[in-house]
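Chain A is the first sequence line, chain B the second, and so forth, proteins listed ahead of strands; every chain is numbered from 1. For clarity, every value in this text was computed on a predicted model and none was experimentally measured.
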Amino acid sequence: MSSSPANPKEEETSTPRDFIRTMIDSDLASGQHGGRVATRFPPEPNGYLHIGHAKSICLNFGLAEEFGGTCNLRFDDTNPETEDPEYARSIQDDIRWLGFEWDSLHYTSDYFDQLYTWALELIEKGKAYVDSLNEEEIRAHRGTVTEAGRNSPYRDRSVEENLDLFARMKAGEFADGAHVLRAKIDMAAANMKMRDPLLYRIRHAHHYRTGDRWCLYPMYDFAHGQSDAIERITHSLCTLEFENNRELYDWLTAAIGIEDPPHQTEFARLNISYTVLSKRKMLELVEGGHVDGWDDPRMATLSGLRRRGYTPSSIRAFCDRIGMAKANSVVDVAQLEHAIRDDLNTEAPRVLAVLRPLKVVIENYPEGQNEELDAPYWPHDVPKEGSRALPFSRELWIDRDDFSLEPPQGFFRLAPGREVRLRYAYFIRCERVIQDETSGEVTELRCTYDPATRGGKAPDGRKVKGTIHWLSAAHALPAEVRLYDRLFSEENPSPAKSGPDFKQFLNPDSLEVIERAWIEPSLASAEPGSRFQFERLGYFYLDSAAARGDKKVFNRTVTLRDSWAKKRPRAAKPAQSRQPKTQRGTPPKPSQPATPPTERPLSPEQTLAFEYYRDEFEIPPSDARMIAAEPVLDTLLVQAVQAGGVPTSVTRWLVHELPASAREGGIEALPFTGAEIAELATLLDEATISGPVAKKLFTELLETGGSPRQWVEERGLQQITDSAGSKRSSPATANKSPPTATARKASSASSSAKSWPRAEGRRIHNR
RNA sequence: UGGGGCGUGGCCAAGUGGUAAGGCACCGGAUUUUGGUUCCGGAUACCGUAGGUUCGAAUCCUACCGCCCCAGCCA
C-alpha cells in the first residue's frame, strides 16, 4: 500500500491505528526500507502456541496484509536441547488454522553457516573473543545491576588465538562449557545485555534439523537480528521483555555491516484474567494432571480453544479489539467470551438439548401419538434459511432449572399452576407435581397442553411470560456434555513472583461432566467439529477428540449471556443441582475440592466408594464418581486393583475407553474381568506395547476375552526400545512428554478432524 | 544507590498544546416464540501525584510516587 487513502479523515474501522501502524505509516512516508514492509513470526519450536502468540501472529501477518508486504514464519531453533519437530508441526497447523499463510518458511538453523562466518569476521575485527571462564566465573565477572562487571582475563587474546580456539570449538575438541564466544563490548555498561554478551556456546547435542553437524550453537542475540537481516525483515516486532536486547540487536547488525538493518519494536504481551499464559505454568498444569493435556478445552492454547469451540475468526476479532500498546495489562476474559458469542450468534444453528432432565407428562395428549413440528435453525434476526422437524409426544424432558416449586420474584418459567410455551410447540400448564416421598425431590410434572397453541401462538391472544426448551423423551438421543468454566477462580492467579502458588487458585468447578444429557434427534448426523447453539443454554462444540464409540460429546464453548442468572445469583444454582452430601461414613477430607455437581446423587455406599477412590487411589473426582456410580465399572476396578493394577491407569481404560454399551448387560455378560484390564494397563505403563497396540488389544478383549500379556508374547507385539533415543539428555525429556501425551490422545480419537501431529517413534523413550 | 520501559473510567485503549474516541463490563428502557440477539438511553475519568510554562496542558518542563523488565552457556 504505497498510496495513502484519498481522504485521510476516512474512517479506518477494521484496523485501529496503534503505535506500530503509526510508525510504519511514517516509515513509508519517509521512504524507509525502500517502502517495503517485511515482518516475521519467530517462535521457538519448544511448546504449543497459545492465545498470546495469536496476538503476535495477527500483528505480524496482519501488517503484511494491510501494507502489501510479506510475513515469514521462522523457527528460532538455536537450542537443540529443548526443541522438537513435533512442535514445529503443531505451530504450523495452528497458524494455518488461524487463517494465515506465511510468504516463506525458514529455520534459524539454516543460517548456521552464515552465522559462523559472521562470527569469524567479528573475531577478525577484534569485536569478539573466546572466553574460557566457566559458567560461574562468568556470572561473577558480570557484576550486578548496580555494580560494573570485570573484564575476563581472556578478553585480550590475540585474533589468531581466538580464531584457532573458535575453530577447535567448532571441530568438537572441547567439552560443553569449556569455552564460549563473546562480543567485546563493555563490562561496565549500564545495560546488562551489553556486558560482553555470549554469542556461541558449545553443546554436544543432536539438533532435530542439523543432526550432529554442529556442536556449537549461536545464542538468541547472535541469531535473531541476523536472521531478520538475512530475510530482509524491515520491522522486527517482539514483546516488551526484549527491550534491553534492542541495543545489542543494533550493535550486532552494525558490527557485521548490515545495510538498511531491520529495527526492533516491542509491544506488551497479552495477559487474560482468570487464566495463565506462560509456557512454564501451562506445562505445570499439564504435567500435574490439573488439566487433560495441552488441548484441554480449559487451556488458553490454540489447540485448547479449538476444542472448546472457538472459531479462528473470533480469535482474530479478539486480537483486533484488544489493541496494541506498551503498557502491561490484563484483558478481561469477558472480552474473549464476547468475541466468540458475537461470531457464533450468526454462525451456529439453534437446536434443543436438555442437560438436567425432568420428566413432563402431557396428560391430555393421547398415549402412543406423536407429531412433528417444524423448527427453524435460525432466529428471526439471523438472515439464514433452514429448518428441521422436531418430534412431539406425550412424554417430554425439560430442564430442571426451568421448573420451580416455589418460584421466586420474576421467575417466568414453569411452576405449579403456571403456563409456559414449549419452544416451537405448544403452551403447557403444570397441573400436578410428583415428588419423592422421602426426599421431596421433584420427579415428574403432570401437565396439560392447549392444542390450539400449536406452533407457539395462542389464537385468543393470551400471552405467556416464558418459553422453555424441551425434547420428546421417546425420540431424544443421549449425549455427553461437558460444561467448562474458567480454570482459575482468581482474576490474577499469579499476583506476585514470591506469592502463593498459582495452582492453589485452580477453580474446582472448571469442568462438570454431564454423562446423560439429551439432544434432539436431528443431531444424530452432526459432524464432529461443528458448532451449535443449544437454545437458552449456550454454544456447544461437537468434540471429535473426546468421542467414545458412537457417543457424542459436546463441549460448552460459552454460555449465553444470562441476565436472569445475573439478577438472581441464587437462581443460577437451584437446589436440584446441589449435591446432597452424605453424612454417613467418613467425612470427606476438607482439603479436597467439592464434588462437582452431577445429575445423579450417589447412594451412601457409592459415596464411600467414591471418596475412597478419590482419596486413596488418587483418581480424579469426576472419574472416581463415575466409577462409584456404575456397578460394572466399580466391580472391574476392584478386580483390577486386586490383580495388581495401578488404579489411575486402569481408570483410563474404564472411564475413557470402555463403551457405555459394555456396561449394560452387567458384569456377568462380559468375557473378561478387571484382571485382564489391569494386565493391559500395566503393559502400556511399562511401555511394553504402544498405545495403538493397546487399543487394538482392548477391542479384542471386549469381544472375546483372553490374556493381553499372553497375546503380546505369542504375537511378538513388544515395542523395540530405541537405545539411541534414550541417550538423549534428560532436560529434553521433560519438554518432550507433553506432546506425547497429546499425540497419544490424538491417535485414539476418531479418524476425522485430527489436528494433532503424531509422535509414534518418540513414545518409546518417553515412558 | 544502575539501566530500560510503562502509568487515561471496573478492564482494554485512542488522543501527542485547544478543552477526554471506541470496545468490553455495568445499570435502565424498547423489540423479541432463546431472560439470546438487536435498538435506544445512562453512570462511572479532576488523564499516577505535586509544582511550573502557556490565553489554554492528558499532551511541554521539573520533581516525586507506583508497576514491569534486565545479573541463563533460555528465547
K.L.:
Can you list everything that forms a side-chain contact (heavy atoms from CB on, under 4.5 Å) with Asp27(A)? Sequence neighbours excluded, please.
P.N.:
Met23(A), Gln32(A), His235(A)
K.L.:
When you measure from the side chain of Met219(A), which nucleotide among C74(B), G2(B), U32(B) comes out closest?
P.N.:
C74(B)
K.L.:
Please tabulate, for side-chain N and O atoms in residues 462-470 of chain A, each donor-acceptor pair with protein atoms closer than 3.5 Å (sequence neighbours left out).
P.N.:
{"from": "Arg462(A)", "atom 1": "NE", "to": "Glu419(A)", "atom 2": "OE1", "distance (Å)": "2.9"}
{"from": "Arg462(A)", "atom 1": "NH1", "to": "Asp450(A)", "atom 2": "OD2", "distance (Å)": "3.2"}
{"from": "Arg462(A)", "atom 1": "NH1", "to": "Asp460(A)", "atom 2": "OD2", "distance (Å)": "3.1"}
{"from": "Arg462(A)", "atom 1": "NH2", "to": "Glu419(A)", "atom 2": "OE2", "distance (Å)": "2.7"}
{"from": "Arg462(A)", "atom 1": "NH2", "to": "Asp450(A)", "atom 2": "OD2", "distance (Å)": "2.9"}
{"from": "Thr467(A)", "atom 1": "OG1", "to": "Arg421(A)", "atom 2": "NE", "distance (Å)": "3.1"}
{"from": "Thr467(A)", "atom 1": "OG1", "to": "Arg421(A)", "atom 2": "NH2", "distance (Å)": "3.4"}
{"from": "His469(A)", "atom 1": "ND1", "to": "Arg536(A)", "atom 2": "NE", "distance (Å)": "3.3"}
{"from": "His469(A)", "atom 1": "ND1", "to": "Arg536(A)", "atom 2": "NH2", "distance (Å)": "3.4"}
{"from": "His469(A)", "atom 1": "NE2", "to": "Ala353(A)", "atom 2": "O", "distance (Å)": "3.4"}
{"from": "His469(A)", "atom 1": "NE2", "to": "Asp399(A)", "atom 2": "OD2", "distance (Å)": "2.8"}
{"from": "Trp470(A)", "atom 1": "NE1", "to": "Arg423(A)", "atom 2": "O", "distance (Å)": "2.7"}

K.L.:
Going by number, which of residues 138-149 of chain A have a non-hydrogen atom under 4.0 Å from RNA chain B?
P.N.:
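Nucleic-acid contacts, sorted: Ile138(A), Arg139(A), Arg142(A), Gly143(A), Thr144(A), Val145(A), Thr146(A).
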K.L.:
Can you sort out the partners of Asp374(A) under side-chain contact (heavy atoms from CB on, under 4.5 Å), two or more places apart, ordered by chain and number?
P.N.:
Ser387(A)
K.L.:
Using residues 329-336 of chain A as the side-chain source, report each donor-acceptor pair under 3.5 Å to any protein atom, sequence neighbours left out, with the distance given to one decimal.
P.N.:
{"from": "Asp332(A)", "atom 1": "OD1", "to": "Ala334(A)", "atom 2": "N", "distance (Å)": "3.0"}

K.L.:
Starting at the 5' end of RNA chain B, write a dot or bracket for each base, bracketing those in Watson-Crick or G-U wobble pairs whose two distances are under 3.5 Å and using | for partners on another strand.
P.N.:
.(((((((.[[[..)..(...]]].(((((.......))))).....[[[[[..)....]]]]])))))).....
K.L.:
Using a 4.0 Å cut-off on heavy atoms, which residues in residues 173-188 of chain A reach RNA chain B? List them by number, or say none.
P.N.:
Gly177(A), Val180(A)
K.L.:
Can you list the residues that meet the side chain to side chain donor-acceptor pair (under 3.5 Å) rule with Tyr217(A), with sequence neighbours excluded?
P.N.:
none
K.L.:
Between G35(B), G5(B), A71(B), spot the one nearest the side chain of Lys193(A), thanks.
P.N.:
A71(B)
K.L.:
Using a strict cut-off of less than 4.0 Å between a Lys/Arg side-chain nitrogen and an Asp/Glu carboxylate oxygen, indicate whether Arg155(A) and Asp196(A) qualify as a salt bridge.
P.N.:
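Judged by the 4.0 Å cut-off on N to carboxylate O distance, Arg155(A) and Asp196(A) do form a salt bridge.
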K.L.:
What is the distance from CG of Leu240(A) to C1' of A75(B), rounded to the nearest Å?
P.N.:
15 Å
K.L.:
Polar atoms only, N or O, under 3.5 Å: list the protein pairs with nucleotides 25-31 of chain B and their distances.
P.N.:
{"from": "C26(B)", "atom 1": "OP1", "to": "Lys566(A)", "atom 2": "NZ", "distance (Å)": "2.9"}

K.L.:
Please list, chain by chain and in numerical order, all residues satisfying side-chain contact (heavy atoms from CB on, under 4.5 Å) with Lys384(A), sequence neighbours excluded.
P.N.:
Glu347(A), Trp378(A), Val382(A)
K.L.:
Counting only non-hydrogen atoms, which of residues 196-203 of chain A are less than 4.0 Å from RNA chain B?
P.N.:
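Heavy-atom contacts with RNA chain B come from Leu198(A), Arg201(A), Arg203(A).
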K.L.:
I want to verify a distance call: between G35(B), G2(B), A75(B), whose nearest atom is closest to the Asn79(A) side chain?
P.N.:
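Out of G35(B), G2(B), A75(B), the nucleotide with an atom closest to Asn79(A)'s side chain is A75(B).
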K.L.:
Test: salt bridge (Lys or Arg N to Asp or Glu O under 4.0 Å). Region: residues 180-191 of chain A. Which pairs qualify, not counting sequence neighbours?
P.N.:
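Sorted pair list: Asp131(A)-Arg182(A), Asp156(A)-Lys184(A).
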K.L.:
Is G72(B) syn or anti, taking syn as a glycosidic angle within 90° of 0?
P.N.:
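Syn.
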